[in-house]
Number of protein chains: 2
Amino acid sequence: MPKLTLERVAELAGVSRSTASRVINGQDGVRPEIRRRVLDVVELTGFVPHAAARSLAGQHSRILGLAIRQTTEQVFSDPYFAALVQGISGACNDHDQTLSLFLFQSAAEHEHLPARVLRTKLVDGLVVTATFSDDPLVWQLTESGIPFVIVGEVSNPHISSVDADNQNGAALVAEHLLSLGRTRIATVTGPMRSAAASTRRMAFERALAVAGQPMDPELVVEADFTEDGAYAATQQLLVRAPDAIFAFSDRMAVGVLRALQEAGRRIPEDVAVIGFDDLPPAADSRPPLTTVRQEVEQTGSVAVELLLERIRSPEIPARRIELPTRLVVRASSVASQQVGGQPS
Amino acid sequence: MPKLTLERVAELAGVSRSTASRVINGQDGVRPEIRRRVLDVVELTGFVPHAAARSLAGQHSRILGLAIRQTTEQVFSDPYFAALVQGISGACNDHDQTLSLFLFQSAAEHEHLPARVLRTKLVDGLVVTATFSDDPLVWQLTESGIPFVIVGEVSNPHISSVDADNQNGAALVAEHLLSLGRTRIATVTGPMRSAAASTRRMAFERALAVAGQPMDPELVVEADFTEDGAYAATQQLLVRAPDAIFAFSDRMAVGVLRALQEAGRRIPEDVAVIGFDDLPPAADSRPPLTTVRQEVEQTGSVAVELLLERIRSPEIPARRIELPTRLVVRASSVASQQVGGQPS
DNA sequence: GCCGCTTCTGGGAGCGCTCCCGACATCATC
DNA sequence: GATGATGTCGGGAGCGCTCCCAGAAGCGGC
């Protein structure tokens with residue numbers, strides 16, 4: 001039995017290679033009856049074009065890469081990445097692209113990315129996450145000429161990026177806490193090299209200042225986006241007696257909650273706690289977390305679409321897309337409505 | 001400037017395409033001086049062979065796939081996968097293979113695997129994890145003829161697999177608890193469709209029975225490898241007053257710990273708790289967890305090596321490799337040595 | 001100095017597909 | 001009925017590499 005190739009499919013359908021190719025690639029200019037015939041043969045034989053041959057002859061591989069700039073442990077313990085990958089993976093399927101995840105944490109693996117992945121033309125483009133300001137990787141990618149989009153922030157406006165509206169998110173938190181009459185508002189931030197963290201911080205400070213209640217620098221502690229880090233940060237904060245703590249992620253907020261509870265603080269009466277993300281830990285914590293909702297999964301799918309746009313139409317200028325954020329109020333900032341009342 | 005191809009490199013080095021190819025692929029039969037000359041050109045120009053062309057002309061893509069049979073959330077929240085992926089990724093780098101991660105959770109994405117990944121000859125082989133007994137995927141893969149290895153258990157001996165020695169691990173736990181004089185030994189298992197869970201359970205039961213202290217079926221609760229699941233399972237268990245609980249993973253053990261502590265039980269005095277894996281949550285929990293250490297990262301690298309063996313030498317019969325497990329005793333089963341004594 | 005051997009090198013023939021262009025048929029138009 | 005526009009189809013020419021084999025070069029032995 002001969003090998004199953006385009007040629008063979010064409011032969012079986014009684015058409016030429018070219019016509020079979022047109023049908024399989026959904027191009028028009030083929031009479032419906034002939035199209036049908038080819039499609040039937042494809043169905044019957046289960047023909048699938050050879051990826052490498054396609055990639056060599058056409059000019060693209062239909063493989064998109066996802067490069068995450070974090071250690072494996074960090075990636076595989078963060079619900080944020082779960083949601084993001086979910087969104088990216090789904091969008092790839094929708095657009096008939098294969099997603100390939102590249103992990104590179106050690107410096108050595110780092111070196112490999114340009115050589116082994118980019119120069120070999122293995123991927124058509126890259127979604128890159130968790131970069132920090134002035135990340136050399138970004139520069140490297142720009143140099144290499146490969147299309148890519150960043151999930152997060154970039155200073156260079158000629159690079160496409162997707163992100164949540166961090167500014168608005170932080171401002172909403174400030175507004176909410178002020179409206180609750182909190183006066184000793186603390187923050188547990190992410191590392192300042194993270195652009196998301198510094199943007200949230202700046203926006204938060206500004207919102208407080210505008211409202212005439214500027215932030216006390218003593219009430220700001222930098223943590224590392226982990227639960228344990230936030231737990232430790234909160235212990236530091238306790239002596240300063242804050243009446244509200246804004247943690248820059250839900251995971252960190254969970255650590256904040258734990259530290260406060262162990263110290264005997266009532267939430268939200270003594271201290272209001274607010275997170276960021278609205279990912280699984282938020283609604284399940286006790287008490288449920290007031291948090292800034294961002295659409296992480298959508299962020300992923302938008303990133304893929306933006307990347308495909310860049311690949312297919314390099315002439316379109318780069319652009320940045322910010323997805324809306326909104327505040328989700330739960331019991332960690334506002335006492336439940338039944339407090340002091342009877343269940344109806 | 002002409003495109004950088006093998007042809008061009010050969011031209012610059014003053015040799016033929018074939019010779020350049022030999023040098024780049026590390027084959028011998030090339031005079032050292034000529035080899036040097038080619039290598040210099042490669043270095044200078046930064047030439048990297050085109051992946052698709054290689055893949056088409058040779059018969060392999062140098063891409064290995066990792067297929068994880070779980071939802072994205074599960075994968076991205078489990079330290080086990082972090083370690084496993086780490087091992088696999090490292091081994092791929094060592095062997096100059098590109099790792100591609102395929103996520104497919106929905107039924108629709110499932111369908112894609114055979115067609116889009118296997119038939120296209122995109123990957124040379126697959127590492128498959130988290131299969132369950134009689135998983136149709138395994139059958140599909142066997143049918144398709146693509147080389148693959150399973151991380152975990154398989155009934156079919158003609159399939160290569162890598163796993164920890166679960167039997168020994170479970171037996172060690174039984175032995176340890178018995179030696180501590182525990183009599184009401186409970187287990188919080190994983191789902192019984194998981195082969196690892198059922199093997200651990202069987203081995204554990206057998207070990208207890210052999211020691212003349214058969215397991216009380218009332219003291220066995222099935223959970224789902226999550227912390228919350230184990231928390232709930234333990235609450236069920238509390239009324240039966242166990243004096244030891246063996247959880248089938250460290251994450252679950254953490255849930256067990258939490259439930260016991262909330263119920264006011266002292267650990268290990270009232271209840272000894274033992275986990276499985278010895279991954280990050282184990283040593284950091286309070287109290288630190290006695291657990292069965294398995295070398296997850298090594299499991300990953302061995303899987304890759306076994307896969308490469310199958311790809312390169314299909315004639316070698318399939319084999320199963322079991323990596324040793326050992327007991328790591330910490331404070332969750334044995335009170336710290338300083339209890340009742342003075343620090344020296 | 002010639003033969004036969006080994007060691008090294010070069011060129012041809014694909015791998016399976018896409019893309020381009022020319023051939024052909026069909027139909028409307030004058 | 002000749003002409004051109006329009007719509008379909010087929011074949012050739014690669015994409016950049018690997019593999020195979022033939023041929024060149026170098027060497028010792030007679």
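In the text below, chain A, chain B and the rest are named by the order of the sequence lines, each starting its count at 1.
- Residue A:Ser18 is classed as a base contact, given a heavy-atom separation below 4.0 Å to a base.
- Remark: the B:Arg8 side chain and the D:dG16 base include no donor-acceptor N/O pair separated by less than 3.5 Å.
- With 3.5 Å as the limit, one finds a donor-acceptor pair spanning the side chains of B:Arg320 and B:Ser161.
- When all heavy atoms of A:Thr98 and B:Leu122 are compared, the pair lying nearest together is CG2-CD1, 3.9 Å.
- The distance from atom NE2 of A:His60 to atom P of C:dT18 is 9 Å, rounded to the nearest whole Å.
- Side-chain N/O atoms of A:Arg31 include one lying less than 4.0 angstrom from OP1 or OP2 on D:dC9.
- For the pair B:Val15 and B:Ala57, nearest-nucleotide mapping onto DNA chain C gives the more 5' position to B:Val15.
- Checking D:dC17, C:dG16, C:dT18 against every side-chain atom of A:Thr5, the shortest atom distance belongs to C:dG16.
- Taking for each of A:Glu7 and A:Arg22 the nucleotide of DNA chain C with the nearest heavy atom, the 5'-most of the two is the partner of A:Glu7.
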(Q) ring pair (Phe, Tyr, Trp, His ring centres under 6.0 Å) for A:Phe76 and B:Phe81? Distances and angles first, verdict last. (A) CA-CA 7 Å; A:Phe76 281 85; B:Phe81 285 110; 7.5 Å; no
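- Applying the 3.5 Å distance criterion, the base of D:dG12 shares a donor-acceptor pair with the side chain of A:Arg17.
- To the nearest angstrom, C1' of C:dA25 lies 12 Å from CD1 of A:Ile34.
- For the salt bridge (Lys or Arg N to Asp or Glu O under 4.0 Å) test, residues two or more places apart in sequence or in another chain that qualify with B:Glu309 are B:Arg319.
- Taking 4.0 angstrom as the limit, A:Ser16 places a side-chain polar atom (N or O) nearer than this to OP1 or OP2 of D:dG10.
- Between A:Asp124 and A:Arg62, no side-chain nitrogen of the basic residue sits less than 4.0 Å from a carboxylate oxygen of the acidic one, so the salt-bridge criterion is not met.
- Straight-line distance from the CZ atom of B:Arg54 to the P atom of D:dT18: 5 Å, rounded to whole Å.
- Nucleotide D:dC17 holds its P atom 14 Å from the CG atom of A:Leu122, rounded to whole Å.
- The separation between B:Asp28 atom CG and C:dC8 atom P is 8 Å, rounded to whole Å.
- For the pair A:Lys121 NZ and D:dC15 P, the computed distance is 14 Å after rounding to whole Å.
- Atom P of nucleotide C:dC19 and atom CD of A:Gln59 are separated by 8 Å, given to the nearest angstrom.
- Using a 4.0 Å cut-off, some side-chain N or O of B:Thr19 falls inside it from OP1 or OP2 of C:dG10.
- Nucleic acid contact for B:Gly29: base, since at least one base atom lies under 4.0 Å from a heavy atom of the residue.
- Rounding to whole angstrom units, CZ of residue B:Arg62 and P of C:dC15 are separated by 19 Å.
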